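Below is one structure; the comments refer to it alone.
Note that the structure is a prediction, hence the values are computed from the model and not measured. Start at 1 with the first residue, then count along the sequence.
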Amino acid sequence: MLRICAMFVLCLLPQLVGADPNGRIRVIDGDTWDVGGDRVRLFGIDAPEADQTCKRPNGDAWPCGQWVSQQIAARFAGKVARCTAMDTDRYGRIVARCHVGSRDAGRMMVSEGLAFAYRKYSMDYDLDEKAAAVNGRGLHANQVQRPAQFRAAKRSVAQPSRQDCPIKGNISSKGTRIYHMPGQEHYDKTRINTAKGERWFCAEAEAKQAGWRRARR
């Protein structure tokens, strides 16, 4: 019986993580592809955001996010990828390691300076990035902010002033969106984590329109 149960769990694993995507590549951006109809986030790498800008050695700004997407499309668009699903991210994308021909696409991109090793999730491409940086390949020949830092900076800029927007939009462990008004029982101890999608609101009507409900106490 235990053997049957174990086999059953193993059979379910591909469904929980997502089937291995295979097929022709359509490049969405530097680290996100459609592979045979599946939306894939490439494992272990982080490429500049589409709206990210960088600085050339002379200080001139240039759209490095667009440049990376163009470079990757030129190399991979229309080719066939064979991917191994590793996880599913919070956006529903399959996180996967993909090979094009015999080459690991993520390693190729990091080695050529088109993406960074995403060390928060994997150290697999750490040495590839270091070699690209030492040799000034691709992005490393310029002044480039790491994509994760760029995204954090954008969130910080987008975050309203707490003085002007004091209503706390909290997401519970069950995913319920609840807002707390100043003076309510749990207002002071409620912490807002924007990385989880929590936010501040300037008006109660704004919170309701966004889909949050008022805390009962």
Side-chain angles (χ1 to χ4, degrees), residues 21 24-35 37-79 81 83 87-98 100 105-122 125 128-129 132-133 136-162 164-165 169 171 192-202 206 209-211:
R24 297 209 174 270
I25 300 166
R26 185 168 74 91
V27 174
I28 305 302
D29 61 27
D31 49 36
T32 305
W33 295 353
D34 279 346
V35 177
D38 291 312
R39 183 60 54 91
V40 172
R41 173 62 165 86
L42 295 172
F43 171 77
I45 72 168
D46 201 15
E49 297 297 314
D51 60 343
Q52 187 169 345
T53 58
C54 305
K55 288 186 178 180
R56 297 195 183 279
N58 64 3
D60 290 344
W62 66 290
C64 56
Q66 293 180 23
W67 177 80
V68 163
S69 295
Q70 291 166 359
Q71 294 295 313
I72 292 173
R75 287 165 171 76
F76 298 110
K79 295 185 178 178
C83 304
D87 200 352
T88 301
D89 71 9
R90 59 177 176 163
Y91 302 109
R93 299 175 298 186
I94 300 171
V95 180
R97 189 192 303 275
C98 295
V100 178
R107 188 179 303 281
M108 184 191 309
M109 290 160 60
V110 174
S111 295
E112 294 184 13
L114 299 175
F116 296 88
Y118 209 170
R119 296 181 180 88
K120 178 180 178 180
Y121 298 103
S122 172
Y125 306 128
D128 301 284
E129 183 191 306
R137 298 184 197 129
L139 294 167
H140 300 287
N142 306 273
Q143 299 177 44
V144 183
Q145 186 177 35
R146 298 189 76 87
Q149 294 173 338
F150 174 78
R151 292 191 293 270
K154 280 186 64 176
R155 288 194 297 268
S156 176
V157 170
Q159 181 75 1
S161 147
R162 296 182 186 183
D164 296 334
C165 303
I171 300 176
I192 299 302
N193 183 349
T194 56
K196 289 171 50 181
E198 296 176 336
R199 54 181 292 192
W200 298 80
F201 293 101
C202 305
E206 178 189 2
Q209 186 174 7

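- For Gln209, there are no side chain to side chain contact (heavy atoms under 4.5 Å, CB included) partners at least two apart in sequence or on another chain.
- Contacts of Ser122 classified as side-chain hydrogen bond (donor to acceptor under 3.5 Å, both in side chains), with partners at least two apart in sequence or in another chain: Asp124.
- Here the CG-CZ distance, from Asp51 to Phe150, works out to 4.0 Å after rounding to the nearest 0.5 Å.
- Counting heavy atoms from C-beta on, the side chains of Phe116 and His140 come closer than 4.5 Å.
- Of all the heavy atoms in Ala132 and Ser111, the pair that sits closest is CB-O, 3.6 Å.
- Contact between Val100 and Ala105 at its shortest, heavy atoms only, is CG2-CB, 4.3 Å.
- Separating the CD1 atom in Ile94 from the CG atom in Leu42 is a distance of 12.0 Å, to the nearest 0.5 Å.
- Taking every heavy atom of both residues into account, Ala141 and Gly136 meet most closely at CB-O, 3.4 Å.
- Annotation: side chain to side chain contact (heavy atoms under 4.5 Å, CB included) contacts of Arg119 (sequence neighbours excluded): Ala117, Met123, Asp126, Glu129, Lys130, Arg146.
- Taking Asp29 as the reference, nothing meets the salt bridge (Lys or Arg N to Asp or Glu O under 4.0 Å) condition, with sequence neighbours excluded.
- Residues Cys64 and Asn142 fail the side-chain proximity criterion, which asks for heavy atoms closer than 4.5 Å.
- For Tyr118, the ring-ring contact (aromatic ring centres under 6.0 Å, His included) test picks out Tyr121, with sequence neighbours left out.
- With hydrogens and angles ignored, the 3.5 Å screen pairs no side-chain donor or acceptor of Arg39 with any backbone N or O of Thr32.
- With sequence neighbours excluded, no residue forms a side-chain hydrogen bond (donor to acceptor under 3.5 Å, both in side chains) with Gln143.
- Rounding to the nearest 0.5 angstrom, the gap separating the CD1 atom in Ile72 from the CE atom in Met108 is 10.5 Å.
- A search for salt bridge (Lys or Arg N to Asp or Glu O under 4.0 Å) contacts involving Asp60 returns nothing, not counting sequence neighbours.
- Of all heavy-atom pairs between Val40 and Cys98, the closest is CG1-SG, 4.1 Å.
- Not counting sequence neighbours, the partners of Arg26 by the salt bridge (Lys or Arg N to Asp or Glu O under 4.0 Å) test are Asp34.
- With sequence neighbours excluded, the residues that form a ring-ring contact (aromatic ring centres under 6.0 Å, His included) with Phe76 are Trp33.
- Residues Gln52 and Val68 have side chains not in contact (no heavy-atom distance under 4.5 Å, counting atoms from C-beta outward).
- Note that CD1 of Ile171 and CD of Glu198 are 5.5 Å apart. Values are rounded to the nearest 0.5 Å.
- Every salt bridge (Lys or Arg N to Asp or Glu O under 4.0 Å) that Asp46 has, sequence neighbours left out, goes to Arg41, Arg151.
- Here the closest non-hydrogen pair linking Phe201 and Ala210 is CE2-CB, 3.8 Å.
- For the atom pair Gln145 CD and Leu139 CG, the distance stands at 12.5 Å (nearest 0.5 Å).
- Atom SG of Cys83 and atom CD1 of Ile25 lie 7.0 Å apart (nearest 0.5 Å).
- For residues 69-78, the set of pairs meeting the side chain to side chain donor-acceptor pair (under 3.5 Å) definition, not counting sequence neighbours, comprises Gln71-Arg75, Arg75-Glu112.
- A donor-acceptor contact shorter than 3.5 Å links the side chain of Glu206 to the backbone of Cys202.
- Among residues two or more places apart in sequence or in another chain, the side chain to side chain contact (heavy atoms under 4.5 Å, CB included) test is passed with Ala50 by none.
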